[in-house]
Structure formats: C-alpha cells, structure tokens
K.L.:
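Below is the structure I would like to discuss, written out as structure tokens.
When a ligand or atom number is given, it counts from 1 through the structure's own listing order. If you read the sequence from its start, that first residue is 1, and numbering goes on from there.
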Amino acid sequence: MVTRKYKWFGLATFFMLMLLTLSACGNETALTKQNQYDQVKSSNQMIWGVKADTRLFGLMNIKTGKIEGFDVDMAKEITKRIDPKAKPVFVQVTSQTRIPLLKNGNIQAIIATMTGTPERAKIVDFSVPYFNAGQSLLVVKGSKIKNVQDLNHKGVTVLGTVGSNSVINIKKVAPQARVLQLQDYAQALTALKSGQGDALTTDNGILYGMSEQNPTTRVVGGTFTKEPYSVVIDKRQTKLKTAINKAIEAIHKDGTYDRLVEKWFSNVPGFNWRTLLND
Ligand code: GLU
C-alpha cells in the first residue's frame, strides 16, 4: 500500500515538473517571439547592445559614464527615425556576449562592430550593411611581422577576442600560428603590449582606434578580409528589420552618415576614412 502511494506521489510530481517546464518553455517562446517593433513603439525605448571597450565604435567615457562612438551615434540616429519619441538605451556587450543577450531578450538590437556572416545568419538576422571594415593586424613598433603571411609559422602567437569573426578567419589564413583568445579588446591590447603575442587581429577601424591611443603600436599589412557591419536583430522580427533598413537608408540620404564618418574617423592617423563616404 505504502509503496503504491509513493508511486502515485512520484508520478504526480513528475507530471507537475513536466507541466512547469513546458510552461516555462512556452513563456520563453512568447518572449522571443514578441513583436520587437511594437515593443519599441509602446515602451518609448529601444534597447541596444553596444561595445564599451572599442574606441571609435563604442567606448565607455569614464568621466561621463556614457558610451560613445560611431556605432552608438548610429543607434541614436536609427532609434530617432524609427520613433521620434523613443529613447535609445545602451547595454554593454562583448563579441562573446552579444548574440546570447539578444537571443534571451535582454537587448532588442546589436550594433557592435558585427559582421554579417552566413554562420551567424543561421541564428540571427541582419540589416543592410552600414559600415565597410576589413580584418588587419596590430603589432608593436619594430616588430618583424609586416603582413598576415608573416604570421603563418610555428611559434607565432596571434591575439584575438572570443566570439569575434577575426579568430575564425585567422585560423584559415595563417593555420600554423597559435591563436590566443582574450575576453575583450582591452585585454587583447594589454596582452600585445606586454609581449604575450606577436600581433593582435581584428578589423582595421578598431585597430586604428588602438594605435592612435598607443603610440608604441601600429597597424600593418592592409586588410585581408571584408567585414561589412550590420545591425543584428533576432529572427522573425521583420517589422523591426524593415524599419532599421529604412532608417539606415535615410541616414545616408540626408548627409548624417558622412557627418558621423567625419566626426569619428577624419582625425585618425593612417586610416583611409574617405573611402567610407557616400559618392
Ligand atoms: N567584425 C568582426 C566580428 O563581427 C570582428 C569585430 C568584433 O569582434 O566585434 O566578429
């Protein structure tokens, strides 16, 4: 008798747990399926994931406590055009955390030096590209590394950041080199300056942002990939994606894009910023 009672108790508990799990999954689907465009409109805010350690694109200004950069300005301009009443809200992301934060609903869009790649397109959606970058190298002045071919040797260490496309690309272009992945770009730069690697690899704009502030380093070898940056949204957010694309088009048409390119890149030594301007 007793054992039977326990058996029923066990079964009931099992079904209760199953029900709870199912309803939790249901909630999660509802949350991620929510129409983010309508959310922006009704909440009067748009929640963006931006870098906070990447000079020129998204960098925390410790004096003001605000994140500043080209990506941040683009986010402000896009938000304004989607809904003039909406305020952009900024959440810090790294190359590694940006997709998980989007997928679990903490942010509504990513604008964080992010390349639209076919691999990523399996899980997220991309706007039209808004910035043309390309992968390059940063070395300490006096380094023997002059280009990406110089990295393709045993005993060479290349520094990069977890979750970046750059660490995937470099393994293809210089398969002999060891790739050391740091948590973010601030740590990768520190590692380069303290001699833990022979070169740091990521996109040219990011590297020029570093070299400008760190005169002992320089960008070498030109670009060896194409990295078109897009705004990233979750799958099935067609309304939001259309609105973002329309906003980017308007930003180009009314001269805002060129103004922002000039604001952020025209004083960066060595950076060929004029090629970014509209014709
Ligand atoms: N654009 C590359 C990427 O999307 C490198 C820059 C980054 O780590 O954000 O991964």
K.L.:
Looking only at heavy atoms, is any part of R98 under 4.0 Å from ligand 1, and if so is it the side chain, the backbone, or both, or is it neither?
P.N.:
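Within the 4.0 Å criterion, R98 contacts ligand 1 through side-chain atoms alone.
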K.L.:
Going by heavy atoms, is Q96 under 4.0 Å from ligand 1?
P.N.:
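False for this residue.
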K.L.:
Which side-chain N or O atoms in residues 131-138 pair as donor and acceptor under 3.5 Å with protein atoms at least two apart or in another chain?
P.N.:
| residue | atom | partner | partner atom | Å |
| --- | --- | --- | --- | --- |
| Q135 | OE1 | N169 | ND2 | 2.9 |
| Q135 | NE2 | S166 | O | 3.1 |
| Q135 | NE2 | T201 | OG1 | 2.9 |
| S136 | OG | V220 | O | 3.3 |
| S136 | OG | G222 | O | 2.8 |

K.L.:
For ligand 1, indicate whether the residue S95 contacts it via side chain, backbone, both or neither (heavy-atom separation under 4.0 Å).
P.N.:
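Just the side chain.
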K.L.:
May I ask you to say whether K80 pairs ionically with E77, meaning some side-chain N is under 4.0 Å from a carboxylate O?
P.N.:
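Yes, K80 and E77 are salt-bridged.
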K.L.:
Fit a plane to each ring of Y229 and F57, take the angle between them on a 0 to 90° scale, and name the class: parallel (under 30°), tilted (30 to 60°) or perpendicular (over 60°).
P.N.:
perpendicular
K.L.:
Would you find more than 12 non-hydrogen atoms of other residues, nucleotides or ligands less than 6.0 Å from Q176 atom CD?
P.N.:
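Count over threshold, so yes.
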K.L.:
For ligand 1, indicate whether the residue T117 contacts it via side chain, backbone, both or neither (heavy-atom separation under 4.0 Å).
P.N.:
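Under 4.0 Å from ligand 1, T117 contributes no heavy atoms.
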K.L.:
Check this for me: K146, atom NZ, are more than 12 non-hydrogen atoms of other residues, nucleotides or ligands nearer than 6.0 Å?
P.N.:
yes
K.L.:
Under 3.5 Å, N or O to N or O, is T115 touching ligand 1 that way?
P.N.:
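By distance alone, the answer is yes.
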K.L.:
For a side-chain hydrogen bond (donor to acceptor under 3.5 Å, both in side chains) check, start with the C-alpha distance between K51 and S95, then their side-chain angles and the critical distance, and finish with the verdict.
P.N.:
CA-CA 8 Å; K51 292 278 183 74; S95 301; 3.3 Å; yes
K.L.:
Less than 3.5 Å between some nitrogen or oxygen of T202 and one of ligand 1, yes or no?
P.N.:
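For ligand 1, there is no N or O atom that lies under 3.5 Å from one belonging to T202.
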K.L.:
What pairs with D258 under salt bridge (charged side-chain N to carboxylate O under 4.0 Å, His left out), at least two apart in sequence or on another chain?
P.N.:
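None.
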K.L.:
Counting only heavy atoms closer than 4.0 Å, does ligand 1 sit against the backbone of Q135, its side chain, both, or neither?
P.N.:
neither
K.L.:
Hey, does D203 sit under 4.0 Å from ligand 1 if you only count heavy atoms?
P.N.:
yes
K.L.:
Closest by any non-hydrogen atom to atom 9 (O) of ligand 1: pick that one out of T113, D71, I168.
P.N.:
T113
K.L.:
Using a heavy-atom cut-off of under 4.0 Å, does the side chain or the backbone of A112 touch ligand 1, or both, or neither?
P.N.:
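It is the backbone that touches ligand 1; the side chain stays farther off.
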